[in-house]
Amino acid sequence: MKPTGNHAIIIGGSLGGLFTGIMLRSIGWDVDIYERSTDTLDSRGGGIVLQSDVIEAFQQAGLTYQAPLGVVAHERYYLNPDGSIAQGMPMRQTLTSWNLLYSSMRRHFPSEHYHQGKLLTNIQQNGEQVMAIFADGTRKIGNLLIGADGPNSTVRQLFLPDADYHYAGYVAYRGLVNEAKLEQDAAALFTERFVFYQFPNSHILQYVIPGENESLVPGERRFNWVWYVNYNELTELPRILTDKEGRRRDYSIPPRMLASSVEEEMRVYADTVLAPPFRKLVAATQEPFVQAILDLAIPQMSFERVALVGDAAFIPRPHTAASTSKAAANAIALADALIEHHHDVPKALKAWEPAQLAYGLHLLKHGQMLGDRSQFSYGVGRFGENTTSVQQV
């Protein structure tokens, strides 16, 4: 694509920022990404259900990759309490990892235009340009600024100070287990399948994702699991989100930082309520982590020459398997709108915004319906514990 002479400033260097960055570069824009963290982000674990928008973004951006972009699961199983198969159905899905997508895009995006340790403090616009002001005193000027800085978005706080995420009433415990580290009978059940165990006010799921160094070789991959557990926001959540060093986190505790008392409590509860194959999976997990499930919706995504994308704008619950694909869809639509409106940023953002708002709200409501049905059909407590109004069924 012929260079346009336009420059985009992207705040946030995770998946949403990278999707936007590679798409804008593909249509001839100069792009610089500014990430607040000084640490490398490629240590973040976890699985992602690969959706078509991600593949489309890779293809349109000219990002070369080796298909498939993950592990292919051929069927879906639902388990009985004793671990036997209650229901099975053919369902082909590709399961990938945060690390694989992030690393693929980072390799494609020029390192000299990816800046870490850059904390945004303010934004100024003058009609023709937008300026990002950082805590270290530097100022960067561009034609477009993208807020892709996640749930705690500084860009969103500057333009929509009253818009913030809300706790949904439950958390997701997560873990990764190397294929070789799981007992053979459980591994045979889980390998290349999407497996669920559902019980009152909870469910756990697993699928296989690429392993270390993005390996797709059988035996070198990882079992990825997610378990949704209810916790009261006032009386329980603060303890769950206090890490092993005593620091209260906003909404997640990364691997190696879960408090030992919380980890032990989770493992005891797993032994009490999970089906045997999932008990073995949790027991084999060395570094579980946890994230609070959040809801976020905003009434506006564009502000003259500034736009919000990804989890800075809408946070759909994980049951939709759409958070990553939504970020890709935002980026694809933005690139299309800029081309259609001859890179006139205000006109392009005005055209881009309505469909993105509608899409974000649809995913939000769909995720709430799925999550509330799973977690609150029998009150708000946890199955098997003396908490609020959980019926034993």
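Hydrogens, waters and symmetry mates play no part in the numbers below; they use all other heavy atoms, side chains included.
- Classified by interplanar angle (parallel below 30°, tilted 30° to 60°, perpendicular above 60°), the ring pair F109/Y114 is perpendicular.
- Looking at heavy atoms from C-beta onward, S153 lies in side-chain contact with L308 at the 4.5 angstrom threshold.
- For Q184, the CD atom is loosely surrounded, since the number of other residues' heavy atoms within 6.0 Å does not exceed 12.
- Side-chain rings of H319 and H203 approach one another, their centers coming within less than 6.0 Å.
- T320 places a side-chain N or O within donor-acceptor distance of the main-chain N or O of A322, the cut-off being under 3.5 Å.
- Under the 3.5 Å distance criterion, with hydrogens and angles disregarded, no donor-acceptor pair is assigned to the side chains of Q125 and Q129.
- Between Y78 and Y197, the ring center distance fails the sub-6.0 Å criterion.
- Among residues two or more places apart in sequence or in another chain, the salt bridge (Lys or Arg N to Asp or Glu O under 4.0 Å) test is passed with D336 by none.
- In this pair, F194 and Y207 present their aromatic rings tilted. The plane angle is within the 30 to 60° band.
- Ring pair W227/Y269 is parallel by interplanar angle, where below 30° counts as parallel and above 60° as perpendicular.
- Under a 3.5 Å cut-off, the side chain of E179 and the backbone N or O of R221 do form a donor-acceptor pair.
- In this structure, Y251 has its ring center closer than 6.0 angstrom to the ring center of Y165.
- In this structure H108 satisfies the ring-ring contact (aromatic ring centres under 6.0 Å, His included) test with no other residue, sequence neighbours excluded.
- Of the options T285, I253, I240, a side chain to side chain contact (heavy atoms under 4.5 Å, CB included) to Y173 is made by I240 and by none of the others.
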side-chain hydrogen bond (donor to acceptor under 3.5 Å, both in side chains) assessment of Q116 paired with R36
CA-CA 6 Å; Q116 292 189 251; R36 75 184 83 178; over 6 Å; no

Does the side-chain hydrogen bond (donor to acceptor under 3.5 Å, both in side chains) test come out yes or no for D32 and H113, once each step is laid out?
CA-CA 5 Å; D32 279 275; H113 293 287; 3.0 Å; yes

Would you sort out whether N6 and D30 count as a side-chain hydrogen bond (donor to acceptor under 3.5 Å, both in side chains), showing the intermediate values?
CA-CA 6 Å; N6 291 304; D30 294 324; over 6 Å; no

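- The environment of CD in E265 is crowded: more than 12 heavy-atom neighbours from other residues, nucleotides or ligands sit within 6.0 Å.
- Contact annotation: the side chain of I293 never approaches that of Y167 to less than 4.5 Å [non-hydrogen atoms, C-beta and beyond].
- The main-chain N or O of H341 is never found under 3.5 Å from a side-chain atom of K347 such that the two would form a donor-acceptor pair.
- Side chain of S215 to backbone of E212: no donor-acceptor contact under 3.5 angstrom is found.
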